Amino acid sequence: MGLFSTFLSRLASSSSPRPFLRRALRSPLLLPRLLSALPEPPSSATEGFAFSWSRALLPLAVAASAGALAVDLRPDPSLCDAGLDHGIDGKGSTDLVVRGTRKEIPEEFIEELREILQNNMTLDYEERYFHGKPQNSFHKAVNVPDVVVYPRTQDDVQKIVTACNKYKVPIVPYGGATSIEGHTLAPQGGVCIDMSLMTKIKSLNVEDMDVVVEPGIGWIELNEYLRPYGLFFPLDPGPGATIGGMCATRCSGSLAVRYGTMRDNVINLLVVLANGEVIKTGSRARKSAAGYDLTRLIIGSEGTLGVITEVTLRLQKLPSHSVVAMCNFQTIKDAADVAIATMLSGIQVSRVELLDEVQIKAINLANGKNIPEVPTLMFEFIGTEAYAREQTLLVQNIVSEHNGSDFVFVEDPDAKKELWKIRKEALWAGFAMAPGYEAMITDVCVPLSRLAECISKSKQQLDASPLTCMVIAHAGDGNFHTIILFDPSKEEQQQEAERLNHFMVHTALSMEGTCTGEHGVGTGKMKYLEEELGIGALRTMKRIKTALDPNSIMNPGKLIPPHVCL
């Protein structure tokens, strides 16, 4: 025992404990004991590491002396995430801060980046802080990126990733910063790869109805370019979203009910993997049976498998005519029932949006409108003029059968644009109701037949809460969102917001739904994945992640819960 104690003492005093013991200490059986012994981190990172280990090893020595501990000293690599403490990972947690262990960035690594990028990088703290705090997101991390880089070409990205893999420096890809589940947090510091300089439209193939773009271009800017050709890209998430980020989070939007999500509208990708290798995931053909579907594997991977550098997108013809309709209901269940009945009727709507009375009130306050403050449905019908009007009249009959009222429709282009504008700005209208507050913006999705029930149950909790809560739904595909406003300086309000989020998610999961229909997992929804998918699916994801990113540098701490081990 004396020899073992001496070994432990030397190990604890070392600034670099042996990897095999670190792996053993990450065993799920030991973790509860060790965490109880860990102190708060001191100010010095080096002192904190050694001091924490000396405290953490105390229960090991006690257990070993009692013969109660079997430490696996085999040199097999650990396949659990190290250096991460997700305060939000517990099922009952209300802590929204992600903690991680940050390693010092070697100066020679910074010099390599300078050789690659010249002036297209920054160590400025304000810039790093901005990139480490997503816009309009309640998620935070204790660390920010150590450096922000701005590649201009795929070759730049390839060299950056190769250098990061060489020095084992974490990478966080960064697009429009509109994601809201903590996707762009940097809990371990590292390199933020801002793609905002890669905005080229590389080729437009009008006859094939596809376009090849770099990942930094926004969907709004792309559609402005496409309009003169009579084409458009149909996905419409929040303003500011970029094509690369939309691929990474598998986004959708209000038009998904007709055109599908990002996975249905991407034909091919170029991706830089963690080892610096560039892969092509497909061809420009509209369909293929050649091998694994790597395109769909990357879409929705949230930067954990590679950095997207080129995207080939499927395009659609601009509709020749469209009609936008609105109608009101006394209850949100009636509104949801109409959305379901419309879809079951076979009517080809391009959008079905549901807004509750609180969201309508926010829109009125922010825009000086006088819309009746009751649950409201918005529809869009497209096609020829005759077809669009015919579909409008059919839906009007469905509305009248479900206690709807005030059915109105517009065909004037400016009027239609104004209606969709206020819908797109619903989040900012919500913020105007409570200046200085933060918003927990969350979404779930259920089978269409359960939408009315899920929204109704959630709405009961939201209405009973002291917080201001709004509901917006892409009702045609069973996906709905809430905006829950809370004062970030009041812990009880933050806890209440997280309680409502928990309730929504667990209600959706109980109805065979998902914890996120389009926002993605990031850090915020990881704690629900095991309940939704099962540990077997998560281990499979982990195997894929480990095979493609053995050094775990690609957006670490996202999507796959850190407790998942192989």
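Just the heavy atoms: all of them, side chains too, but no hydrogens, waters or symmetry mates, feed the values below. Predicted model, so just to flag it, every value in this text is computed and none were measured.
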message = For Met504, is there any backbone N or O sitting under 3.5 Å from a side-chain donor or acceptor partner on Ser458?
response = no
ask   = Does a salt bridge link Glu310 with Lys202, judged by any charged N lying under 4.0 Å from a carboxylate O?
value = yes
key: Short N-O contact, Arg351 and Asp236, less than 4.0 angstrom   = yes
inquiry  = Less than 4.0 angstrom from a charged side-chain N to a carboxylate O is my criterion; do Asp210 and Arg286 meet it?
reply    = no
N/O donor to acceptor pairs below 3.5 angstrom from side-chain atoms of residues 352-368, sequence neighbours left out:
from	atom 1	to	atom 2	distance (Å)
Glu353	OE1	Arg423	NE	2.9
Glu353	OE1	Arg423	NH2	2.9
Glu353	OE1	His474	ND1	3.0
Glu353	OE2	His474	ND1	2.8
Asp356	OD1	Val358	N	3.3
Asp356	OD1	Gln359	N	2.9
Asp356	OD1	Val471	N	3.3
Asp356	OD2	Lys459	NZ	2.9
Asp356	OD2	Val471	N	3.3
Glu357	OE2	Lys459	NZ	3.0
Gln359	NE2	Ala426	O	3.3
Asn364	OD1	Ile371	N	3.0
Asn364	ND2	Ile371	O	2.8
Asn364	ND2	Glu373	OE2	3.2
Asn367	ND2	Ile363	O	3.0

inquiry  = To the closest 0.5 Å, what do you measure between CE (Met526) and CG (Leu538)?
reply    = 10.5 Å
query = When you measure from the side chain of Thr309 to the backbone N and O of Leu270, does any donor-acceptor pair fall under 3.5 Å?
reply = yes
inquiry  = If I take atom CD1 from residue Ile560 and atom OG1 from residue Thr540, how far apart are they, to the nearest 0.5 angstrom?
reply    = 10.0 Å
ask   = Which value, rounded to the nearest 0.5 Å, describes the distance between Met511 atom CE and Leu509 atom CG?
value = 10.5 Å
Flag, side chain of Asn265 to backbone of Thr261, donor-acceptor distance under 3.5 Å = yes
Short side-chain donor-acceptor distance under 3.5 Å, His481 and His519 = yes
message = Can you see whether Thr295 engages Thr281 through a side-chain donor-acceptor pair at a distance of less than 3.5 angstrom?
response = yes
key: Pairing of Glu418 and Lys421 as salt bridge, 4.0 angstrom limit   = no
ask   = Mind checking whether Cys469 and Ile483 have side chains closer than 4.5 Å, heavy atoms only?
value = no
ask   = If you count the non-hydrogen atoms of other residues, nucleotides and ligands that lie under 6.0 Å from CZ in Arg258, is the total more than 12?
value = yes
task = Quick one: do Lys525 and Thr442 satisfy side chain to side chain donor-acceptor pair (under 3.5 Å)? Show the steps, please.
result = CA-CA 9 Å; Lys525 291 291 178 73; Thr442 188; 3.1 Å; yes
query = Does a side-chain heavy-atom distance below 4.5 Å link Pro375 with Asn328?
reply = no
task = State the CG-CG distance between Leu313 and Leu222, to the nearest 0.5 angstrom.
result = 6.5 Å
task = Identify the two heavy atoms, one from Pro173 and one from Val307, that lie closest to each other, and give their separation to 0.1 Å.
result = CG-CG2, 4.1 Å
request  = Please determine if Glu411 and Lys417 form a salt bridge, counting it only when a charged side-chain N lies under 4.0 Å from a carboxylate O.
outcome  = no
inquiry  = Within the 3.5 Å criterion, strictly below it, is a donor on Asn397 or Ser400 matched to an acceptor on the partner's side chain?
reply    = no
key: Donor-acceptor contact present, side-chain Asp443 to main-chain Glu518, <3.5 Å   = yes
key: Beyond-backbone contact of Ile299 with Leu269, side-chain heavy atoms, under 4.5 angstrom   = yes
inquiry  = Would you say that Leu315 contacts Leu204 through its side chain, given a criterion of any heavy-atom pair below 4.5 Å between the two side chains?
reply    = yes
message = Nearest 0.5 Å, please: how far is CD1 in Ile217 from CZ in Phe233?
response = 11.0 Å
request  = Could you tell me which non-hydrogen atom of Cys515 sits nearest to which non-hydrogen atom of Leu529, and how far apart they are?
outcome  = SG-CD2, 4.0 Å
ask   = Does any donor atom in the side chain of Glu496 or Ser465 lie under 3.5 Å from an acceptor atom in the other side chain?
value = yes
message = Once side-chain contact (heavy atoms from CB on, under 4.5 Å) is applied, do any residues pair with Arg539, and if so which ones, sequence neighbours excluded?
response = Ile535, Arg543, Val564, Leu566
inquiry  = Between Glu302 (side chain only) and Gly522 (backbone N and O only), is there a donor and an acceptor less than 3.5 Å apart?
reply    = yes
request  = Could you walk me through whether Glu380 and Val323 pass side chain to side chain contact (heavy atoms under 4.5 Å, CB included), step by step?
outcome  = CA-CA 6 Å; Glu380 183 178 63; Val323 176; over 6 Å; no
Lys/Arg N to Asp/Glu carboxylate O, Lys416 vs Asp412, below 4.0 Å = no
ask   = When rounded to the nearest 0.5 angstrom, what distance separates CD1 in Ile180 from CD1 in Ile441?
value = 4.5 Å
message = So does Thr184 get a backbone contact from the side chain of Asn555, meaning a donor-acceptor N/O pair under 3.5 Å?
response = no
message = Could you check whether atom CD of Glu453 has more than 12 heavy atoms from other residues, nucleotides or ligands sitting under 6.0 Å from it?
response = yes
key: For Leu448 against Ala475, the heavy-atom pair lying closest together   = CD1-O, 3.4 Å
inquiry  = Just so I know, are the side chains of Phe329 and Val399 near enough to count as touching, which here means a heavy-atom distance under 4.5 Å?
reply    = yes
message = Would you say that Thr312 contacts Val211 through its side chain, given a criterion of any heavy-atom pair below 4.5 Å between the two side chains?
response = no
ask   = Just wondering, do Val324 and Phe381 contact through their side chains at under 4.5 Å, heavy atoms?
value = no
ask   = Quick one: do the His506 and Tyr528 side chains pair a donor with an acceptor below 3.5 Å?
value = no
query = Between the main-chain N or O of Leu231 and the side-chain N or O of Lys317, is there a donor-acceptor pair closer than 3.5 Å?
reply = no
query = Using a distance-only test with no angle check, is there a side-chain donor-acceptor pair under 3.5 angstrom linking Glu491 and Gln495?
reply = yes
ask   = Parallel, tilted or perpendicular: which fits the ring planes of Tyr229 and Tyr225, with parallel below 30° and perpendicular above 60°?
value = tilted
request  = Would you confirm whether Thr514, through its side chain, and Thr516, through its main-chain N or O, come within 3.5 Å as a donor-acceptor pair?
outcome  = yes
Heavy-atom side-chain contact between Leu235 and Trp219 under 4.5 Å = no
query = With distance as the sole test, does Glu512 use its side chain to make a donor-acceptor pair with the main-chain N or O of Val446 at under 3.5 Å?
reply = no
message = Let's go through Asn205 and Arg284 carefully: what are the C-alpha distance in whole Å and the side-chain angles of both, what is the deciding distance for side chain to side chain contact (heavy atoms under 4.5 Å, CB included) to 0.1 Å, and is it a yes or a no?
response = CA-CA 10 Å; Asn205 307 291; Arg284 277 185 50 236; 3.3 Å; yes
inquiry  = Whether the side chain of Thr384 engages the backbone of Tyr387 through a donor-acceptor N/O pair (distance < 3.5 Å, no angle test) should be reported.
reply    = yes
query = Within a radius of less than 6.0 Å around CZ of Phe409, do more than 12 heavy atoms belonging to other residues, nucleotides or ligands occur?
reply = no
inquiry  = Go through it in stages, so that I can follow the logic: the residues are Asp264 and Tyr259, the test is side chain to side chain contact (heavy atoms under 4.5 Å, CB included), and I'd like the CA-CA distance, side-chain angles, deciding distance and then a yes or no.
reply    = CA-CA 8 Å; Asp264 305 303; Tyr259 297 107; over 6 Å; no
message = Between Lys140 and Glu438 (salt bridge meaning N to carboxylate O under 4.0 Å), is one present in this structure?
response = yes
request  = Could you check Tyr437 against Gln493 for side chain to side chain contact (heavy atoms under 4.5 Å, CB included), going step by step and ending with a plain yes or no?
outcome  = CA-CA 10 Å; Tyr437 276 41; Gln493 291 197 17; 3.8 Å; yes
